[in-house]
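Just so we're on the same page: letters track the sequence lines, and every chain starts at 1.
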There are 2 protein chains.
Amino acid sequence: MAEENSLGSVDVSQSPAERFEEFLQSRGKRMTQPKRQLLDQVYSRHEHFDAESLIEQLPAASEAGHIGRATVYRALKEFVEAGLLREFKLAGRSVYEHDYGYPQHDHLYCTQCRELIEFQSEALLELLNSVASEHRFRVGGHRLIISGVCEDCRRSQRRSRKPVDMV
Amino acid sequence: MAEENSLGSVDVSQSPAERFEEFLQSRGKRMTQPKRQLLDQVYSRHEHFDAESLIEQLPAASEAGHIGRATVYRALKEFVEAGLLREFKLAGRSVYEHDYGYPQHDHLYCTQCRELIEFQSEALLELLNSVASEHRFRVGGHRLIISGVCEDCRRSQRRSRKPVDMV
DNA sequence: ATAGTTGCAAAACATTTGCAAAGTT
DNA sequence: AACTTTGCAAATGTTTTGCAACTAT
């Protein structure tokens, strides 16, 4: 089970759905139609998204297969707990990305086009560990976002939206 | 004008109030009693705070010198624009710290006692710049928080509050 | 006088929760 | 049957905004 993406391929032994099932069982939780549908949606594309954009992709309130707002939020939380998605806060709301079977990485955030660009740096991880150990701090995780302007936006001076100030 | 603090002293040529006055003038904004009072309050102690905790320190709604909620939010925004305060989001709300005359730094965040520990690393800055330049990205700033458990909490197994999961 | 500022209450956001009905095991 | 999940609406917590009265320049 190999995937191509911007940071290379990773082999995983279980599909996200299988892993999720396992998680649910281990917690006495249940697999349901809405969860299945959301999991599919979330894994249909490899990109960053937030609750709102996920909801927009779903059938409208009147249509069949519609899923309530609260259910979406509850499912996202479960996916994060299950290790399927990684969550971080950006400009006030939660942003999600694939975690399961995908390598750890950090982000460059273009405040002009609001694109998130992923990067990996082994040196960074080592540095963080050494900083932490100087403070006798046990690292649980980290969050790093470098904000600025991406190459495309610098060149085209394009501003699809007014830039955001704080990240 | 030198201050002692955890990251050492920094000399600045103007007081925060002077710098703020200059900022206001350059923008056609005005110095007022509430802003003056808030600036004093904010610079009376060197520590991290949020809007709510700042409001709690002010005279109550019935007392003299009371300042409305909205005014506090508006003033904090101005202080950030003026370069007096640095703002970042933590566990859902905005957290502020002194910026003016204070060295750039990043944080270790203890998810047990919720303490923010400052650290400085020149190597980190260099690393971030080199990552960015590999992507031809113009850096505006960055935000890094290493979350985990601080030395004190590890030792005492103390948990003043239930740990927060996501930062 | 002119234009920015204040405080209040209401609005705006993103997310969470109570609860009765519906779905899973 | 026992227990979890869903969807709705209402509640939450934080921050913003409309607006009339007020204040600095």
Nearest-angstrom distance from the residue atom [atom1] of [X] to [atom2] of [N]:
X     : N      : atom1 : atom2 : answer
A:I55 : D:dG7  : CD1   : C1'   : 12 Å
B:L54 : D:dT14 : CG    : P     : 14 Å
A:E78 : C:dT16 : CD    : C1'   : 15 Å
B:M31 : C:dG4  : CE    : P     : 17 Å
B:E81 : C:dG4  : CD    : P     : 14 Å
B:L24 : D:dT23 : CG    : P     : 18 Å

With nearest nucleotides of DNA chain C determined for A:R69 and A:R74 from heavy-atom distances, which residue corresponds to the more 5′ nucleotide? A:R69
So does A:R27 pair up with A:E22, basic N to acidic O under 4.0 Å?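 Not counted as a salt bridge, because no side-chain N and carboxylate O are separated by less than 4.0 Å.
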Establish, from distance only, whether the side-chain atoms of B:E97 and B:H107 form a donor-acceptor pair under 3.5 Å. yes
Is there a path of hydrophobic side-chain contacts, each under 4.5 Å between heavy atoms, that joins A:L54 and A:Y73? no
Consider the side chain of [X], meaning its heavy atoms from C-beta on, and name the nucleotide among [options] that approaches it most closely.
X     : options               : value
A:Q33 : C:dT15, C:dT5, C:dT24 : C:dT24
B:Y73 : D:dA24, D:dT15, C:dG7 : D:dT15
A:K29 : D:dA24, D:dT5, D:dT14 : D:dT5

Would you please confirm or rule out a distance under 4.0 Å between OP1 or OP2 of [N] and any side-chain N or O of [X]?
X     : N      : result
A:K77 : C:dT15 : no
A:T32 : C:dT24 : no
A:S94 : C:dT15 : yes

Closest nucleotide of DNA chain D for B:A51 versus for B:E21: which of these residues is on the 5' side?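 With B:A51 and B:E21 compared, the 5'-side residue is B:A51.
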Contact nearer the 5' end of DNA chain D, comparing B:R30 with B:A70: B:A70
Measuring only between side-chain heavy atoms, which start at C-beta, is B:L39 closer than 4.5 Å to B:L84? yes
Under the 3.5 angstrom rule, does the side chain of B:S94 hit a backbone N or O of B:F88 as a donor-acceptor pair?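 Checked: no pair found.
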With a non-hydrogen cut-off below 4.0 angstrom, is B:R93 in contact with a base, only sugar-phosphate, or nothing?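 Since only primed, P, OP1 and OP2 atoms lie under 4.0 Å of B:R93, the category is sugar-phosphate.
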